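Pasting in a structure now, in structure tokens, and then I'll have a few things to ask.
Remember, predicted model here, so these are calculated numbers, not experimental data.
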Amino acid sequence: MPESDDAFRDAFFALHHGLPRQGPGSDATTRRLLGLAGPLGQRPRVLDLGCGPGRAALLLAAEAGAEVTAVDLHRPFLDELRRAGDARGLAGRIRTVHADMGDPPFPDGSFDLVWAEGSAYAIGFDTALRRWRRLLAPGGALVLTECEWTCAEPSTSARAFWDGHYPLRTTAANTAAAVGAGYHVAGVLRQPESDWQEYYGPLGDRAAAVDPRTASEAAAAVLEATRAEIAMRRDHGREYGYTGYALRPADPRWPVRPETDADVPAVYAVNAAAFPTRDEAELVDALRRDSRAWLPGLSRVAEAPDGSVAAYALLTRCLVGGEPALALAPCATAPQHRRQGAGSAVIRAVLDAARIRGERLVVVLGHPEYYRRFGFGPASRLGVRPGFEVPDEAMMAVVLDGSADPPRGTITYPEAFGV
């Protein structure tokens, strides 16, 4: 690294040293991301990559009972984390490792949870997805956050700023990257504006206290870049933000693909066999004829090893409060493939396909214990309700893009549903 780059790096770390956070975040967001990751066992093995001074590592060790391996290239951060862990009685739960998160020195399958809150940008989202997957034990999860566009048309100023620093993508594009790398999305969380304030508030106060006229050339450059970044957020914060992703490797036993014309008879047969009557099989055919309801690519089949259709899931267009949403129904698994993961694989895949399309909300009427594993919760908590009487817990919804403002109101189903 050239001397000037060394000086800039040293000035950067000097400005950031001792701050409560090294990027947008909060303990509340860490807890919510941990919830999205799903069950991890009694004493999960967690790898925190790019841990910084370890705010997340400390919480994961204290509240999830995790054994945390915390990795960073900046030794003072690791020293700070060790001191904080000792002070909180967590020394036996946190191990610090001075290493490059782009090439973690650990065997395959070593961790139940790989965590990267605000750090994946250092090597790039796609590189992180590719290099870290091998570290996950069976059933493990990857949680990482990524800065991305949160509007359809970013301003010229915002795009110019980020294109010069770290080109951003949308939630749909990052979901496509995750699916392409062999994951399914267990959950998405759009981080609130308060997470940015937790970072920029203390950082801005410190930067404001430094007189650039008396600072070194490198320190002055760091101050200028920091103030420009904070000003960009102030003026264009509605255009971009951090999104958290909880990812799990897709089940390789059940490849999932879009339905083709050749699958139509098999799809009918699977639905007819899965339910007491042929009503659901006839419903799929009726929806297929409804151009307003049927969406190409959102009728998905899971293949058995012999290439036959093992399971099926369908999303069609509905309205919630007059805004576009999706209805999940029917979902069916061939009797000989039940309780083997085929049904779960096809539902996860069709939800991922909807995320890639940029869809926002999915509703489903079904068993809460089953659909909770896909991120569904009571629709009423989101202000979503059916136009007919059902138990509150049976009408569920999931926000696909993690936003705080999904469609709300009464569900209008396609005509074929007859409700």
- Value for CG (Asp27) from CG (Asp195), rounded to nearest 0.5 Å, stands at 10.0 Å

- May I ask you to decide if Thr145's main-chain N or O and Glu117's side chain share a donor-acceptor pair within less than 3.5 Å? no

- Query: Does the gap between the ring centers of His165 and Phe161 come in under 6.0 Å?
  - Reply: yes

- Message: Salt bridge or not between Asp6 and Arg9? Use side-chain N to carboxylate O under 4.0 Å.
- Response: yes

- Item | All salt bridge (charged side-chain N to carboxylate O under 4.0 Å, His left out) counterparts of Arg373, not counting sequence neighbours | none

- Message: Within the 3.5 Å criterion, strictly below it, is a donor on Arg82 or Thr96 matched to an acceptor on the partner's side chain?
- Response: yes

- Query: Would you find more than 12 non-hydrogen atoms of other residues, nucleotides or ligands less than 6.0 Å from Arg357 atom CZ?
  - Reply: yes

- Output all residues satisfying salt bridge (charged side-chain N to carboxylate O under 4.0 Å, His left out) with Glu193, sequence neighbours left out; order by chain, then residue number. Arg233

- Query: Is there side-chain contact between Cys151 and Arg238, with heavy atoms separated by less than 4.5 Å?
  - Reply: no

- Could you tell me whether Arg381 and Asp392 make a salt bridge, using a distance below 4.0 angstrom between a side-chain N and a carboxylate O? no

- Is Glu63 atom CD crowded by more than 12 heavy atoms from other residues, nucleotides or ligands, each under 6.0 Å away? yes

- Thr171-Glu148 side chain donor-acceptor pair, cut-off 3.5 Å: yes

- Quick note, side-chain hydrogen bond (donor to acceptor under 3.5 Å, both in side chains) partners involving residues 128-141, not counting sequence neighbours, are Asp108-Arg134

- Query: Going through the distances and angles, do Thr150 and Arg190 end up as a side chain to side chain contact (heavy atoms under 4.5 Å, CB included)?
  - Reply: CA-CA 9 Å; Thr150 56; Arg190 185 77 51 80; 3.7 Å; yes

- Counting distance only, does the side-chain N/O of Ser119 pair as donor-acceptor with the main-chain N or O of Leu49 below 3.5 Å? yes

- With distance as the sole test, does Ser110 use its side chain to make a donor-acceptor pair with the main-chain N or O of Pro107 at under 3.5 Å? yes

- Heavy-atom pair with the smallest gap, counting every atom of Ile411 and Cys318: CG2-SG, 4.3 Å

- Of Leu351, Leu326, Leu314, the residue whose pairing with Leu298 passes side chain to side chain contact (heavy atoms under 4.5 Å, CB included): Leu326

- Test item: side-chain donor near acceptor, His98 and Arg75, under 3.5 Å: yes

- Query: Among side-chain atoms of Tyr312 and Glu280, is any donor-acceptor pair under 3.5 angstrom?
  - Reply: no

- Item | Selection residues 226-247 - residue pairs positive for ring-ring contact (aromatic ring centres under 6.0 Å, His included), sequence neighbours left out | Phe125-Tyr245, Trp162-Tyr240, Trp196-Tyr240, Trp196-Tyr242

- Query: Which ring-ring contact (aromatic ring centres under 6.0 Å, His included) pairs, counting each pair once, include a residue from residues 47-82, with sequence neighbours left out?
  - Reply: Phe13-His74, Phe13-Phe77, His74-Phe77

- Message: Would you say that Thr69 contacts Phe106 through its side chain, given a criterion of any heavy-atom pair below 4.5 Å between the two side chains?
- Response: yes

- Message: Salt bridge or not between Arg159 and Glu239? Use side-chain N to carboxylate O under 4.0 Å.
- Response: no

- Taking atom CG of Asp72 and atom SG of Cys51, what is their separation to the nearest 0.5 Å? 4.5 Å

- Query: Is a side-chain donor or acceptor of Arg288 paired with a backbone partner of Trp294 at a separation under 3.5 angstrom?
  - Reply: no

- Query: Between atom CG of Leu135 and atom CZ of Arg45, what is the distance when rounded to the nearest 0.5 Å?
  - Reply: 11.0 Å

- Message: Within the 3.5 Å criterion, strictly below it, is a donor on His16 or Tyr199 matched to an acceptor on the partner's side chain?
- Response: yes

- Item | Nearest heavy-atom neighbours spanning Asp352 and Thr175 | O-CG2, 4.1 Å

- Using the side chain to side chain contact (heavy atoms under 4.5 Å, CB included) rule, take Glu259 and Val267 through it: C-alpha gap first, then chi angles, then the decisive distance, then the call. CA-CA 8 Å; Glu259 170 195 294; Val267 166; 4.0 Å; yes

- Query: Counting only heavy atoms not in Asp306, do more than 12 fall under 6.0 Å of its CG?
  - Reply: yes

- Message: Ignoring hydrogens, what is the shortest heavy-atom contact between Gly375 and Val398? Give both atom names and the distance.
- Response: O-CG2, 3.5 Å

- Val346/Val350 under side chain to side chain contact (heavy atoms under 4.5 Å, CB included): CA gap, chis, key distance, verdict: CA-CA 6 Å; Val346 74; Val350 79; 5.7 Å; no

- Tyr200 side chain reached by Arg234 side chain, heavy atoms, under 4.5 Å: no

- With no hydrogens and no angle check, is any side-chain donor or acceptor of Trp149 less than 3.5 Å from a backbone partner on Leu168? yes

- Query: Mind checking whether Leu15 and Leu203 have side chains closer than 4.5 Å, heavy atoms only?
  - Reply: yes

- Are Thr243 and Gln191 close enough that a side-chain donor and a side-chain acceptor fall under 3.5 Å? no

- Give the C-alpha distance, both sets of side-chain angles, the deciding distance and a yes or no for side-chain hydrogen bond (donor to acceptor under 3.5 Å, both in side chains) between Asp263 and Thr260. CA-CA 5 Å; Asp263 295 318; Thr260 67; 3.0 Å; yes

- Item | Within-4.5 Å side-chain heavy-atom neighbours: Val143 and Leu36 | no

- Query: Is it true that Arg257 and Glu303 have a side-chain N and a carboxylate O under 4.0 angstrom from each other?
  - Reply: yes

- Message: So for atom CZ, which belongs to Arg43, do other residues, nucleotides or ligands contribute more than 12 heavy atoms lying within a distance under 6.0 Å?
- Response: yes

- Task: Please examine the side chains of Met396 and His367, heavy atoms only from C-beta on, and report whether any two atoms are closer than 4.5 Å.
- Result: no

- Would you mind reporting whether Tyr371 and Leu328 have side-chain heavy atoms less than 4.5 Å apart? yes

- Message: In the structure I gave you, are the side-chain heavy atoms of Ser380 and Met395 within less than 4.5 Å of one another anywhere?
- Response: no

- Results of salt bridge (charged side-chain N to carboxylate O under 4.0 Å, His left out) for Asp401 - residues two or more places apart only: none

- Message: Check whether Thr214 reaches the backbone of Asp211 with its side chain - one donor and one acceptor, N or O, closer than 3.5 Å.
- Response: yes

- Separation between CZ (Arg408) and CG (Leu361), nearest 0.5 Å, reads 9.5 Å

- Message: Please check if the number of heavy atoms outside Glu415 that lie under 6.0 Å from its CD is greater than 12.
- Response: no

- Query: Got a second to check how far Gln340's CD is from His337's NE2, nearest 0.5 Å?
  - Reply: 7.0 Å

- Message: To the closest 0.5 Å, what do you measure between CD (Glu67) and CG (Leu113)?
- Response: 13.0 Å

